[in-house]
Amino acid sequence: MSEHLIVLPDRDDAERVADDLREEGLGEVRVVREALAGEDDGEDHEWAIYVRVETVTDEASAVGQGLHR
């Protein structure tokens with residue numbers, strides 16, 4: 001299993017990227033509000049895309065190829 005966190009400042013951009021990742025057939029993909037170090041104000045929190053991939057069974061898949069880059 002591998003987990004990834006992609007942080008973006010804009011919610012719309014995060015939603016678009018998450019949709020693209022879902023279309024690629026990745027495992028669990030969700031958009032969350034992420035408080036980064038040094039951010040006290042809730043309005044300053046970034047948007048994050050959480051991606052969890054259980055296994056890579058096909059080395060030729062998008063996930064398999066991405067792990068080899």
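Atoms considered below: every heavy atom in the structure, side chains included; atoms not considered: hydrogens, waters and symmetry mates. Only a predicted model underlies this, so the values are computations on that prediction, with no experimental measurement involved.
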For Val31 against Ala18, the heavy-atom pair lying closest together
CG2-CB, 3.6 Å
Would you compute the distance between atom CD1 of Ile6 and atom CD of Glu46 and round it to the nearest 0.5 angstrom?
13.5 Å
Starting at CG of Leu21, measure out to CD of Glu24 and round the result to the nearest 0.5 Å.
7.5 Å
Any idea which heavy atoms bring Leu5 and Ala48 closest together, and the distance?
CD1-CB, 3.6 Å
Pairing residues for Arg52 by the side chain to side chain contact (heavy atoms under 4.5 Å, CB included) criterion, not counting sequence neighbours:
Met1, Glu3, Glu28, Tyr50, Glu54
What is the minimum heavy-atom distance between Pro9 and Trp47, and which atoms define it?
O-CD1, 3.7 Å
For Asp19, which residues count as a side chain to side chain contact (heavy atoms under 4.5 Å, CB included) partner, sequence neighbours excluded?
Arg22
